[in-house]
2 protein chains.
Amino acid sequence: MNELSYRLFFKAFSNKTRFEIIRLLRREQKSVTEICKDLNFEQSRVSHNLKCLEACGFVSSKWNGKNKIYSLDKKHILSILDNIDKHIERYSKRLESCGVLKNKSCGVIK
Amino acid sequence: MNELSYRLFFKAFSNKTRFEIIRLLRREQKSVTEICKDLNFEQSRVSHNLKCLEACGFVSSKWNGKNKIYSLDKKHILSILDNIDKHIERYSKRLESCGVLKNKSCGVIK
DNA sequence: CATTCATATGATAAAGTTATCATATATACT
DNA sequence: AGTATATATGATAACTTTATCATATGAATG
């Protein structure tokens with residue numbers, strides 16, 4: 001399997017805005033305005049990232065009056081997240097202590 | 001499950017250097033020098049990212065003479081990658097056409 | 001068709017990440 | 001101990017990504 005797809009896949013989920021949107025839509029479909037309110041994110045920030053998620057096929061949308069309703073590609077996304085759930089506890093503590101990943105110009109403040 | 005861990009997990013894999021190292025160690029354990037040669041990456045680049053991968057618990061190391069041998073936490077990592085394999089084909093094409101993810105300052109050159 | 005509310009888009013400054021360079025530390029061998 | 005080879009580390013410049021601002025487009029309704 002193609003290496004680039006893998007990395008893009010992980011990249012899609014590693015972004016806070018996108019990940020929170022996915023988590024939110026995990027429960028139920030929502031309009032852009034609702035997403036903004038629930039997550040307390042700016043509208044254009046949300047729209048830009050929804051565009052990305054839709055381009056990737058993770059969410060889909062339909063117009064409902066003036067609102068555009070976004071919903072999650074549940075079956076596949078949930079299956080992926082559920083599987084990672086099984087493993088992530090093992091790594092959780094160490095991930096959160098990794099300077100490179102937590103970053104903001106590498107590790108601890110001096 | 002903690003949201004941050006998730007994102008850090010995805011972030012760890014979304015980086016080219018780290019992902020290639022993981023792919024390489026999927027087959028067999030290797031020293032830093034071997035990894036550098038095989039991937040044609042600079043030594044400090046590899047060391048920095050190995051440190052990250054080890055901090056996260058994805059790889060472990062042991063000294064063997066002057067060489068430090070790194071190996072993959074196979075059971076768990078392989079299980080995760082294998083599961084994603086099952087789904088990624090579905091998204092592959094769209095991921096690779098997503099301007100936000102492919103980026104270099106957003107999408108297509110004008 | 002003008003207005004209002006909702007969403008999308010382009011450009012770019014700000015923030016974040018990575019590779020690289022210079023150098024330090026580790027290990028083994030003579 | 002001195003040298004050679006292997007690996008690690010800190011600082012930072014170069015690069016990449018993101019949020020934000022300004023503005024455009026879409027949809028509905030009087």
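Quick note on labels: first sequence line is chain A, next is B, and so on, each numbered from 1.
Side chain to side chain, Asn67(B) and Glu34(B) fail the donor-acceptor criterion of an N or O pair below 3.5 Å.
Closest contact between the side chain of Lys11(A) and the listed nucleotides dC5(C), dT17(D), dA6(D) involves dT17(D). Distances from the side chain of Glu42(A) to the nucleotides dA19(D), dT20(C), dC21(D) place dC21(D) closest. Taking the side chain of Arg45(B) as heavy atoms from C-beta on, and the options dA19(D), dA19(C), dA6(D), the nearest nucleotide is dA19(C). Closest approach to the Trp63(A) side chain among dG26(D), dT18(C), dA19(C) is made by dG26(D) (side chain taken as heavy atoms from C-beta onward). For Lys66(B), counting side-chain heavy atoms from C-beta on, the closest listed nucleotide (dT5(D), dA8(D), dA8(C)) is dT5(D). Closest approach to the Ser31(A) side chain among dT9(D), dT7(C), dA19(D) is made by dT7(C) (side chain taken as heavy atoms from C-beta onward).
Residue Thr33(A) places no side-chain atom within donor-acceptor reach of the base of dC5(C), judged by atom type and a 3.5 Å distance cut-off alone. Under 3.5 Å, the side chain of Gln43(B) and the base of dA8(D) form at least one donor-acceptor pair of N or O atoms.
Atoms CD1 (Ile21(A)) and P (dA8(C)) sit 11 Å apart, rounded to a whole Å.
OP1 or OP2 of dA8(D) sits under 4.0 Å from a side-chain N or O of Tyr70(B).
Here the closest non-hydrogen pair linking Leu25(B) and Val59(B) is CD1-CG1, 4.0 Å.
For Phe13(B) and Phe58(B), the distance between ring centers is under 6.0 angstrom.
Where His48(A) and Ser44(B) each meet DNA chain D at their nearest nucleotide, the meeting point lying more 5' is that of Ser44(B).
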